[in-house]
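Order of the sequence lines sets the chain letters (A, B, ...), proteins ahead of strands, with each chain counted from 1.
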There are 2 protein chains.
Amino acid sequence: MAEKYEIDSTDKKIIKLLEKDARMPFLEMARKIGVSGGTIHQRVEKLKEAGIIIGSSIKVDYAKLGHGVVVLLGLHLVNARDIHKVIDKLEKMDEIVEAYYTTGDYALIVKIMVKDINHFHEFLIGKIQMIKEIQSTESFISLKQVIDKSLNV
Amino acid sequence: MAEKYEIDSTDKKIIKLLEKDARMPFLEMARKIGVSGGTIHQRVEKLKEAGIIIGSSIKVDYAKLGHGVVVLLGLHLVNARDIHKVIDKLEKMDEIVEAYYTTGDYALIVKIMVKDINHFHEFLIGKIQMIKEIQSTESFISLKQVIDKSLNV
DNA sequence: ATTGAAATCATTAGCGA
DNA sequence: TCGCTAATGATTTCAAT
């Protein structure tokens with residue numbers, strides 16, 4: 001994995017368009033890029049096979065659904081060896097949406113989404129602090145995401 | 001904004017399916033959920049109007065395109081009042097894909113994607129440290145994202 | 001990479017619970 | 001009000017070039 005892949009400017013344009021709108025019709029993309037719809041279809045299939053396009057998803061305003069608080073949580077483990085056990089447990093928690101192995105201060109940094117500060121408190125005490133392999137945590141509470149965009153490849 | 005919205009179980013099922021695959025045909029969703037295609041269409045339109053569905057995007061394996069390193073960066077500002085000026089500058093940088101206002105230690109936490117550690121170094125010295133409103137930074141380098149999922153609403 | 005044809009889908013209007 | 005059906009135009013998909 002992580003082998004570099006050769007993509008040309010047409011592939012790049014396709015990726016850029018689909019990052020903005022995953023449901024854009026292939027024929028519309030074709031008109032914008034200046035190739036045929038069949039070509040778009042072939043290119044997208046190739047990008048999927050190559051594992052460059054992994055999937056697609058809608059963007060949801062979770063705040064409108066009552067989950068407005070994002071918290072970044074740095075985790076210290078008792079023993080670095082337990083990291084996979086910890087990840088297994090974290091994976092099952094609904095509040096956790098992302099997790100990163102990191103170098104430096106923390107073994108892991110996780111991103112969680114919760115309804116409010118009370119919910120966060122309950123989550124921290126009732127779920128995170130129940131994992132005995134976790135020694136301590138540091139919380140960075142965010143009330144607003146100010147930038148959210150796709151990488152310009 | 002951030003008003004709560006009443007969504008029923010059909011809306012939830014639609015959101016869940018589209019989070020897994022934004023290009024899923026409405027008729028396929030209709031068959032899975034047990035309603036007509038027209039109903040899916042109406043519901044999706046309503047969810048968009050309500051601002052719950054904001055957009056859609058493909059998921060790209062950026063590591064395969066040579067941008068394999070994610071860094072979370074905590075920023076300390078010289079003066080908290082300058083935060084909007086800083087955000088404006090950050091917004092223009094290709095490497096920065098997300099940014100959060102946070103309480104506590106940092107004024108901002110940003111997520112960046114870079115090719116490798118050298119690229120990160122150049123970015124830090126050549127771009128971040130050029131912003132005079134930023135006092136100091138702390139870096140959390142991630143070589144692997146181990147969890148990435150959608151919130152279970 | 002394009003073309004063209006067949007299957008499938010999106011979209012809308014009108015009907016009915 | 002909400003969901004369904006039916007009809008049309010657009011799109012996806014694939015084989016042949």
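Heavy-atom contacts from other residues, nucleotides or ligands closer than 6.0 Å to NZ of A/Lys149 number more than 12.
In the region residues 19-39 of chain B, proximity to DNA chain D at under 4.0 angstrom, judged on heavy atoms, holds for B/Arg23, B/Val35, B/Ser36, B/Thr39.
B/Ile14 places its CD1 atom 12 Å from the C1' atom of D/dG3, with the value rounded to the nearest Å. One can place CD of A/Glu45 at 15 Å from C1' of D/dT11, the figure rounded to the nearest angstrom. A/His41 has its NE2 atom 18 Å from the P atom of C/dA5, to the nearest Å. B/Ile40 places its CD1 atom 15 Å from the P atom of D/dC2, with the value rounded to the nearest Å. Regarding A/Gln42, its CD atom lies at a distance of 13 Å from the P atom of C/dT3, rounded to whole Å. The interatomic distance linking B/Arg43 (CZ) with D/dT1 (P) rounds to 14 Å, in whole Å.
Checked options B/Val78, B/Ile83, B/Val86; the residue passing with B/Glu133 is B/Val86 (criterion: side-chain contact (heavy atoms from CB on, under 4.5 Å)).
The pair A/Asp8-A/Arg43 meets the salt-bridge criterion, since a charged nitrogen lies less than 4.0 angstrom from a carboxylate oxygen.
Between A/Tyr106 and A/Phe140, the two ring planes are perpendicular [angle over 60°; tilted spans 30° to 60°]. Ring geometry, B/Phe26 versus B/His41: the interplanar angle falls from 30° to 60°, so the pair is classed tilted.
Within the 4.5 Å cutoff, no side-chain heavy atoms of B/Leu151 are placed close to those of A/Val60.
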